[in-house]
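We name chains A, B, ... by the order of the sequence lines, and we start the count at 1 in each one.
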Amino acid sequence: MSKEITPRGTDYAQWYQDLVIKAGLAEPSAVRGCMVIKPYGYAIWEKMQQALDRMFKDTGHSNAYFPLFIPKSFFSKEASHIKGFAKECAVVTHYRLKSTPDGKGIEVDKEAKLEEEYIVRPTSETIIWSTYKGWIQSYRDLPILVNQWANVVRWEMRTRLFLRTAEFLWQEGHTAHATRDEAVEETMKMLGVYAEFSEKFMALPVIKGVKTPFERFAGAVDTYCIEALMQDGKALQAGTSHFLGQNFARAFDVKFTTKDGTRDFVWASSWGVSTRLMGALVMAHSDDDGLVLPPMLAPYQVVIVPVYRNEEQLEKIRAYADGIIGALKAKGISTRFDDRDTHKPGWKFAEYEMKGVPVRLAIGPRDLENNTVEVARRDTREKTNYQAVDIDVKVTHLLNQIQENLYDKALDFRERSTYHADSMEEFEKLIGNGGFVYAHWDGKTETELKIKERTKATVRCIPLESRREKGKCILTGDPSPQKVLFARAY
RNA sequence: CGGGGUGUAGUUCAGUCCGGUAGAAUGCCUGCUUUGGGAGCAGGAGGUCGUCAGUUCGAAUCUGGCCACCCCGACCA
């Protein structure tokens, strides 16, 4: 029988979970709230990492690594920061185990209590700024442009594979600057990097914006974000970039001497994307048959499946395929030739569709006779017979087409799912169907919360690139400088 | 953390009400036939029924505690 997943229309959340598990991306682990990222899922994450890391290096950043454990006292130095994270921190209190008196088990050695407890990092601003204090004396030491790839822990109540897990992987950039303008510029630059990555690699259009005070990162002056729309009409924050002002410099007393000899606190930014992007990737393009991957992030872009009756035929196909594989690899296309005898072609077709491989080539006896290849593209499910000549050029073109098509489809979906509401009645009607809804808001947290309570929708961001048309708040009627972006969100 | 649900073979589940030797499908293994869309037939292996205690001659089944997972809410990247 076939390996099936729940259709999106039946139960979107179940579809997502089935897909993540059956495509071999990740699975729940023995540890509450933590997942195992499986090789195929991790391969996609590695592709993301490679692309992002290249972009970070190209914008002048270097990688470094800071400790997993953060002394509790560091954590409490920035008041709003601790308030934001306190409820979800794992705490290390002891450093040794011992055998239980009956010798059968093991228990915490109460004697080995830490003088000061450690927090398992939920983010690294505090440990990094306590370190930067020692690195920075003068404007000559600035800027510091550092990124780290790391795991962090946020003790979430309810978890979902990739979208929200107690432990997740991410990168966090932490930069230090001599001026406010420079730190703001850095914040915006990295927001741009994330938007470019999302659109170019993930084929996922995003809205750039600034968060409301309510949604702002704990400890930031301003939080910027990119917001994407998933197929079920819910919004997902795909990346954040924070202008931290001098908040952490003040908290950790990081001052520098300026050119003209005065002393000032250092200006900061931080920015991150996480394995949550994997969830965004799945929910952006995939269908009821499984994952659909954009070629730019597919662990292998092309899979070749031989169709044969006997060993002799397989050898002929292998020879025929070798030429094609060589040509594809020369074009930089990652290709897998699946000649496993343990599974039949039909099984493999279904399996690679589940795994979202963008292009599948099937080669059988008929192709050897006619000098053809059967080409199937995952995004549209089209199957065509190509002449084998110049197959590398054709596949290159096809991969580009698929990448573009996925972006266009996602953009088209977002546009069809974006609405404007000029009254609360209109808003409530629209928001129920999912999608982005632009509406006027008076800028007050109180209003935002009331709208959330009534509709479950939140202000995703105040878009950076929308027209500044004045109007009246849909709830209070108070003046509003521009429409903001509302949605129900992950 | 609140409400609801579920724990039985690798997986999905039946059996639980009404206690009496552990079941199906699928997957797995072997052989033969197959191979252009998740193959067919035959044979085979596989479970201290989440866990701990209690009731009983006897517990997957009844009682209680604990644990885990899933769904819905509150919180979050």
Side-chain angles (χ1 to χ4, degrees), chain A residues 1-6 11-14 17-18 21-22 27-35 83-89 122-123 151-172 194 211 214-218 223 225-228 235-242 270-280 289-290 305-311 313-314 317 339-354 360-370 372-376 381 383 385 449 452-453 456 458 460 489-490:
Chain A
M1 280 302 281
S2 63
K3 190 156 125 182
E4 280 174 358
I5 55 180
T6 306
D11 183 343
Y12 192 84
Q14 191 62 47
Q17 194 183 309
D18 287 356
I21 292 169
K22 294 195 174 161
E27 64 187 27
S29 72
V31 184
R32 183 198 190 104
C34 296
M35 65 179 163
K83 224 173 148 189
F85 286 105
K87 287 170 295 190
E88 49 187 32
C89 285
T123 181
N151 58 336
V152 287
V153 168
R154 295 180 189 176
W155 212 261
E156 299 290 349
M157 305 290 183
R158 215 181 122 212
T159 59
R160 295 185 66 189
L161 296 171
F162 289 120
L163 295 173
R164 190 185 300 115
T165 46
E167 180 191 15
F168 57 94
L169 306 184
W170 77 347
Q171 58 69 215
E172 45 181 327
Y194 289 153
K211 285 291 187 189
F214 178 67
E215 297 267 335
R216 191 150 62 204
F217 173 73
T223 288
C225 63
I226 52 173
E227 291 285 330
L236 186 133
Q237 179 178 310
T240 53
S241 182
H242 313 290
S270 72
W271 27 273
V273 295
S274 73
T275 36
R276 190 179 222 204
L277 287 179
M278 294 287 293
D289 295 312
V305 177
V307 182
Y308 57 94
R309 288 171 191 282
N310 51 48
E311 197 59 30
Q313 236 172 31
L314 174 60
I317 292 168
D339 60 352
R340 286 178 300 169
D341 196 31
T342 48
H343 297 282
K344 295 183 40 177
W347 189 94
K348 291 176 186 174
F349 293 169
E351 184 67 11
Y352 290 118
E353 272 154 22
M354 185 65 79
R360 182 187 73 231
L361 307 183
I363 302 172
R366 289 207 297 271
D367 296 301
L368 298 191
E369 279 174 34
N370 306 327
T372 55
V373 181
E374 184 191 86
V375 179
R381 309 295 305 266
K383 262 200 301 201
N385 287 300
L449 286 171
K452 183 182 177 185
E453 207 174 307
K456 289 177 186 163
T458 49
R460 299 323 303 152
Y490 276 98

Exercise for the section: May I ask you to say whether A:Glu351 pairs ionically with A:Lys344, meaning some side-chain N is under 4.0 Å from a carboxylate O? Expected result: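 Answer for the salt bridge query: no.
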Problem - Ionic contact status for A:Glu374 with A:Arg366, cut-off 4.0 Å - result: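 No, no charged N to carboxylate O under 4.0 Å.
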Does [X] reach a base, just sugar-phosphate, or nothing at all? Heavy atoms under 4.0 Å.
X	result
A:Pro365	base
A:Leu277	nothing
A:Thr240	nothing
A:Glu156	base
A:Phe85	nothing
A:Arg360	base
A:Asn310	nothing
A:Lys211	nothing
A:Thr165	base

Problem - A:Ala350, nearest nucleotide to its side chain (from B:rG37, B:rC76, B:rG36) - result: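 So the nucleotide nearest the side chain must be B:rG37.
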Practice task
Using the C1' atom as the reference point in each nucleotide, state the distance between B:rC32 and B:rA14 in Å, no decimals.
Solution key: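 To the nearest whole Å, 33 Å.
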Handout entry: Rounded P spacing from B:rC72 to B:rG40 in Å
Key =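 Here B:rC72 and B:rG40 have their P atoms 36 Å from each other.
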Problem - Atom pair distance, as rounded to whole Å: NZ in A:Lys344 and P in B:rU35 - result: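 About 7 Å, once rounded to whole Å.
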Problem - Short side-chain N/O contact to B:rC70 OP1/OP2 from A:Gln14, under 4.0 Å - result: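 A:Gln14 to B:rC70 OP1/OP2: no side-chain N or O under 4.0 Å.
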Problem - Min side-chain heavy-atom separation A:Lys87-A:Trp155 under 4.5 Å - result: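 SC-SC contact between A:Lys87 and A:Trp155 ruled out.
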